[in-house]
Asks: 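Sharing a structure with you now.
All figures in this text were calculated on a predicted structure; none of them were measured in a lab. The basis for the numbers below is simple: all heavy atoms, side chains too, and nothing from hydrogens, waters or symmetry mates. Counting starts at 1 for both ligands and their atoms, in listed order.
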Amino acid sequence: MSRLLFTNVQIFEGTESQCRPGEVLLNGNRISAVAAPGESLPREGVEEIIDGQGATLMPGLVNPHCHFTYSNAVSLADINALPVEENLLITLRNARTYLDYGFTAVIGVASAKPRLEVVVRNAVNKGEFPGPRILASTPEYTVSGGVGDDSRLDLFVPSIGIVCDGVEEFRKSVRQLIREGVDIVKFNNSGDSFTFGRMPGDINPMTEDEVRTICETTLNVGKRLAAHAHTDSGVRQCVQYGVELINHATFASDATIEALAKVADRHWVTPAIAARYNTTYEAQAWGITTEIAESIGNKRELEAGCVTMQKMHRAGIRVLPFGDYGFAWIPIGTDCRDLEHMVNLFDMKPWEALRAATAYGGEAWVGNSGEKLGRIAPGYLADILLIDGDPLADLSLLQDQRRIVAVMKDGQFHRRFSGRAERATGKVAA
Ligand SMILES: [Zn+2]
């Protein structure tokens, strides 16, 4: 096991409100010791010492609502129309982009093609291509007329999701996708403004039997669940049937928030608020004016979602950033804009947003496996960033690849530290 020591760094531990000066010792792919301020760690047996020059050392970012098979297109239909070969290349490129931007772990929640996330996860795990730690998802499961099913009676359109109706169809398909190797089964028990009025976000088109069947079939073989749940009934189903990853949760009622808060240690909420905020205010160039966003219900989802997330945060529910990046106006790589949204829209403090992006994200990624990810503490996996500057003072640093001056996943450098000044002036390529 190789031993590597970071010295002269300001440490953001993942759960603390301030950075503190210190040193961090790695043993292979794990953190073995962290020095308290003013102390230094023993140098014996250390093979490499990296002087961080005062940079901030923090856990790698975790994206718990990741669409790394998406092509930064204008619509789901455009992504769906990609042949699988092109879509595979895009997915491999996105995996690298995420790692370039400091995301050392991602949770897929809706593969654009059935096996894309699975095969890219496997290739990254073998070291064939660069990328974060990946949990691979099914395509999103939907019902006829739900999000992703754009067919008409007189015109069949292949869905980006898997369209099933009734418990037998869901049970069979979920089992088949688990056979193909997914980690996450994702289903849509809510509509969305992106259906342009056909199935609004406050409608839940799935029956109780269908939801129960998806969840029981998945949990029965030890896999994990994510749900596109804008609706109050959808969020309640997540609590009732063990859906750990709750996407959106926009219209959760006070009673549902209270019920969720009682089991808050079992769930993570990812509102994906950029798909509301940026779509409402910043997508004009792609034909979605604020008026259109309002008419399809997107602005309403934004406003309701902000109120709900403030309540959930106050109630101690883990609200996480990132999600739904992969469209033209929220392209992959700009995901850390979400940290500003959390401060501006959810009343979070910058350190709380960063805790959600690291420590909470790490908890979401490992689930109940017993693994440790997302903090700078002994025993945790060595997923580590060095940032040129203080991200707690300026969260936008994390949107600038030149300020992310080192990226390490599993004890291995993806981007090796070569000093602060060179990076800040952009002389060194990724
Ligand atoms: Zn999503």
Asks: Once rounded to the nearest 0.5 Å, what's the spacing between atom CD of Q18 and atom CZ of F12?
Replies: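 That separation rounds to 11.0 Å.
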Asks: What atom name does the N, O or S atom of D324 nearest to the Zn ion (ligand 1) carry?
Replies: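 Looking only at N, O and S atoms of D324, the one nearest the Zn ion (ligand 1) is named OD1.
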Asks: Just checking, any donor-acceptor pair under 3.5 angstrom between side chains of S159 and D149?
Replies: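 There is no such pair (donor and acceptor under 3.5 Å, judged by atom type) between the side chains of S159 and D149.
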Asks: Would you kindly say whether Q237 and N204 are connected by a side-chain donor-acceptor distance under 3.5 Å?
Replies: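 N204 and Q237 do have a side-chain donor-acceptor pair below 3.5 Å.
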Asks: Measuring from L225:CG to H267:NE2, what's the distance to the nearest 0.5 Å?
Replies: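 Those atoms lie 10.5 Å apart.
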Asks: Would one find an N, O or S atom of H65, in either backbone or side chain, under 2.8 Å from the Zn ion (ligand 1)?
Replies: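 Checking H65: at least one N, O or S atom is under 2.8 Å.
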Asks: Measure from the Zn ion (ligand 1) to each N, O or S atom of H228 and report whether any distance is below 2.8 Å.
Replies: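 It does not; every qualifying atom lies at 2.8 Å or beyond.
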